[in-house]
Amino acid sequence: MFYWLAVQHKTPNNTWIGNKTQDFHELGIGLGYTYSVYWSVATLTTVGYGDFYAVNLTEKLFCIFYMLFNIGLGAYVIGNMTTLLVHISVRTFAVVSVTRTSMLI
């Protein structure tokens, strides 16, 4: 999506990839999508090196929604992992309690 936004923009030099690579149309789609995946992983992992960043309004709006989606996705994954760990520890505690009780009898 990020690469597509750059290709569709009226002024190619005023895009995230056109700002760094002047002739990105001639370099090929594969390289453009590689840059996009690089940006996506850097943003998703919250590293954000800053070498590729949104330049025009459309890209900035896309980045806002993308980052909010990533925050929600990360919170969902961490929440589910925490729930699983809590359920496992409760079951372990219950098994240990039953075992100790049966040893006392």
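- For the side-chain contact (heavy atoms from CB on, under 4.5 Å) criterion with Thr82, the lone passing option out of Leu85, Ile78, Leu84 is Ile78.
- Asn56 pairs in a side-chain contact (heavy atoms from CB on, under 4.5 Å) with only one of the listed residues (Leu61, Leu5, Asn14), which is Asn14.
- Closest of all the heavy-atom pairs between Ser36 and Trp16 is OG-CZ2, 3.4 Å.
- One hydrophobic cluster, built from ILVMFWY side chains closer than 4.5 Å, holds both Val7 and Met1.
- When the options Tyr3, Tyr38, Trp39 are evaluated for a ring pair (Phe, Tyr, Trp, His ring centres under 6.0 Å) with Tyr33, the one that passes is Tyr3.
- Taken together through direct or relayed side-chain contacts under 4.5 Å among Ile, Leu, Val, Met, Phe, Trp and Tyr, Ile71 and Val77 form parts of separate hydrophobic clusters.
- Of all heavy-atom pairs between Ser89 and Val86, the closest is OG-O, 2.9 Å.
- Under the 4.5 Å side-chain heavy-atom criterion for ILVMFWY residues, no single connected hydrophobic cluster contains both Met67 and Phe62.
- Here the CD atom belonging to Gln8 is positioned 11.5 Å from the OG1 atom belonging to Thr15, to the nearest 0.5 angstrom.
- Distance check, rounded to the nearest 0.5 Å: CD1 of Ile29 to CG of Leu31 gives 11.0 Å.
- Note on Tyr66 and Trp4: same hydrophobic cluster, where clusters join Ile, Leu, Val, Met, Phe, Trp and Tyr whose side-chain heavy atoms are under 4.5 Å apart, directly or indirectly.
- Atoms CG and SG, on Asn70 and Cys63 in that order, are 10.5 Å from each other to the nearest 0.5 Å.
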